[in-house]
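A quick write-up on the structure given underneath.
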Amino acid sequence: MAKLNFGGVEETVVIRDEFPLEKAREVLKDETIAVIGYGVQGPGQSMNLRDNGFNVIVGQREGRTFDKAVTDGWVPGETLFSIEEACQRASIIMCLLSDAAVMSVWPVIKQYLTPGKALYFSHGFAITWSDRTGVVPPADVDVIMVAPKGSGTSLRTMFLEGRGVNSSYAIYQDYTGHAYERTIALGIGIGSGYLFETTFQREATSDLTGERGSLMGAIQGLFLAQYEVLRENGHTPSEAFNETVEELTQSLMPLFAKNGMDWMYANCSTTAQRGALDWMGPFHDAIKPVVQQLYDSVKCGNEAQISIDSNSKPDYREKLEEELRAMRESEMWRTAETVRRLRPENN
């Protein structure tokens, strides 16, 4: 493991140079890996493992996602099975179902967790809030996690480009004495960039905070607030969208993703620099109490319970689609459709 400096704090991480793919294959050469669930993370992780030469199968109920797995090259009866048969065949069960689905399928998975097997997650939700989810693994299996810091789609896309999504990893239960090797080998096998250590509780808490905060919830709220203010003060939809979203995603994000926020500031006009430095303080002071409120709601389990209650309702998908449609059909994101079509690469 390598010790690296992160903002003045030293952390131990695992990089591919010290745990290469060949070593990962050797660790897992006698293992059968079953990916259970073929929704968000399942396709990317399973196909990356397959392309990297691991013995991997998929367990999925028949239906739309089962058909998608067939389209992706999984063969019914050979590498694609029912959840029950895949769990029975596997020595490592990768539980990549949605949090709500984990709860409903858990009784099926649990009966196949015989001594020495490994139960793998890519999210700490089910274990962290086991009092709410009912997911309590037996004591005689390894319970491990590799959590890519990106969507399954990004994991697959970056893998095909020869890159990797960074991942956190955690060991909740080490029954065999080999949980660490299994975990890191799987992390390398799915195409992780580097791997940093966490716990199931820390991963679940930070993940829910991030999704509701800067990654999704807060950024949509910020976009919408600025877009509305510009529109209410006479700016056209095109101008409001370009100044709110397009310039950020197409021009500025690549700059600070490459070399940091200070480098991006240095490559903007002096007027932009002065205004950004002056206004970042008020934005920070206004937003931090909201983030703290969010974090407290996540940590106490309130957000988990809201998710469980909402996702367990029979009309969940219909209501979700209504909310997403309202966002999709809002003026800001309808403007986005036109702006995207006008990008040079689309003309």
Side-chain angles (χ1 to χ4, degrees), residues 6-7 9 11 40-41 98-100 121-129 132-133 145-155 165-170 193 196-229 241 243-250 252-258 260-262 264-265 276-277 279-311 316 319-320 323-324 326-328 330 332-333 336:
F6 292 86
V9 178
E11 288 188 40
V40 178
Q41 283 289 336
S98 68
D99 296 323
F121 293 94
S122 281
H123 189 18
F125 188 105
I127 296 294
T128 298
W129 293 292
R132 301 167 188 263
T133 65
M145 177 177 65
V146 176
K149 298 299 104 181
S151 71
T153 301
S154 299
L155 183 73
V165 172
N166 298 329
S167 301
S168 60
Y169 74 92
F196 59 96
E197 188 175 11
T198 187
T199 66
F200 275 65
Q201 190 273 337
R202 278 167 40 204
E203 191 282 333
T205 306
S206 60
D207 188 77
L208 265 66
T209 300
E211 290 168 346
R212 287 150 178 76
S214 64
L215 301 180
M216 295 173 67
I219 199 164
Q220 166 63 11
L222 173 61
F223 283 166
L224 186 58
Q226 181 168 305
Y227 181 88
E228 288 175 344
V229 167
F241 185 83
E243 294 293 353
T244 299
V245 180
E246 189 75 353
E247 186 173 355
L248 172 65
T249 59
Q250 300 303 300
L252 300 184
M253 275 187 171
L255 295 182
F256 66 77
K258 182 179 181 181
M261 189 68 75
D262 62 322
M264 184 266 279
Y265 275 31
L277 290 167
W279 277 92
M280 67 180 185
F283 273 110
H284 167 271
D285 294 347
I287 293 168
K288 188 172 180 180
V290 179
V291 177
Q292 184 63 58
Q293 181 183 358
L294 163 60
Y295 187 83
D296 293 343
S297 184
V298 170
K299 191 172 183 179
C300 74
N302 183 55
E303 294 300 311
Q305 193 62 54
I306 291 172
S307 180
I308 290 169
D309 293 344
S310 173
N311 297 349
Y316 161 70
K319 288 187 175 180
L320 172 64
E323 292 181 272
L324 294 178
M327 183 187 299
R328 183 170 60 247
S330 67
M332 184 171 74
W333 291 113

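Everything numeric in this text was worked out from a predicted model, so none of it was measured. Atoms considered below: every heavy atom in the structure, side chains included; atoms not considered: hydrogens, waters and symmetry mates.
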Inset, instruction - To the nearest 0.5 Å, tell me how far Tyr265 OH sits from Leu277 CG. - result: 5.5 Å
Legend entry - Nearest non-hydrogen partners of Glu243 and Gln226, listed with the distance: O-NE2, 3.3 Å
Legend entry - Verdict with supporting geometry, Phe6 and Phe196, side chain to side chain contact (heavy atoms under 4.5 Å, CB included): CA-CA 11 Å; Phe6 292 86; Phe196 59 96; over 6 Å; no
Legend entry - Separation between OG1 of Thr128 and CG of Leu208, rounded to the nearest 0.5 Å: 9.5 Å
Legend entry - Closest non-hydrogen atom pair, Tyr227 against Met332: CB-SD, 3.6 Å
Legend entry - Over all atoms of both residues, closest heavy-atom pair of Ser167 and Val146: CB-CG1, 3.8 Å
Inset, instruction - Begin from the C-alpha positions of Lys149 and Glu203 and carry the test salt bridge (charged side-chain N to carboxylate O under 4.0 Å, His left out) through to its verdict. - result: CA-CA 10 Å; Lys149 298 299 104 181; Glu203 191 282 333; 3.6 Å; yes
Legend entry - Short side-chain to backbone donor-acceptor contact, Thr133 and Ala126, under 3.5 Å: yes
Inset, instruction - Identify the two heavy atoms, one from His123 and one from Ala204, that lie closest to each other, and give their separation to 0.1 Å. - result: CE1-CA, 4.0 Å
Legend entry - Leu224 side, atom CG; Ile219 side, atom CD1 - distance, nearest 0.5 Å: 12.5 Å
Please list, one pair per line, the donor and acceptor atoms closer than 3.5 Å that link side chains of residues 281-295 to other protein atoms, with sequence neighbours excluded.
unit_1: Gln292; atom_1: NE2; unit_2: Asp296; atom_2: OD1; d: 2.9

Inset, instruction - Using modelled atom types only, decide if a donor and an acceptor are shared between the side chain of Ser154 and the backbone of Gly150 within a distance under 3.5 Å. - result: no
Inset, instruction - Search all heavy atoms of Pro254 against all heavy atoms of Leu248 and return the closest pair with its distance. - result: CD-O, 4.4 Å
Inset, instruction - Check side-chain contact (heavy atoms from CB on, under 4.5 Å) between Ser98 and all other residues, then give those that pass, not counting sequence neighbours. - result: Ala100, Ala101
Legend entry - From CD (Glu246) to CG (Leu252), nearest 0.5 Å: 11.0 Å
Inset, instruction - Enumerate the residue pairs fulfilling side chain to side chain donor-acceptor pair (under 3.5 Å) with a member in residues 299-310, sequence neighbours excluded, ordered by first and then second residue. - result: Arg132-Gln305, Arg212-Glu303, Ser297-Asn302, Ser297-Glu303, Gln305-Asp309, Ser307-Asn311
Inset, instruction - Specify the closest pair of heavy atoms between Met145 and Phe200, including all atoms of both residues, with the distance to one decimal. - result: CB-CZ, 3.5 Å
Legend entry - Pair Gln201-Trp129, side-chain donor/acceptor within less than 3.5 Å: no
Legend entry - Between CD on residue Gln41 and OG1 on residue Thr153, distance to nearest 0.5 Å: 8.5 Å
Inset, instruction - Find the distance between CD (Gln220) and CH2 (Trp333) and round it off to the nearest 0.5 Å. - result: 6.0 Å
Inset, instruction - Assess whether atom CE of Met253 is packed by more than 12 heavy atoms of other residues, nucleotides or ligands within 6.0 Å. - result: yes
Inset, instruction - Give a yes or no on whether the backbone of Tyr169 and the side-chain of Thr198 come within a donor-acceptor separation of less than 3.5 Å. - result: no
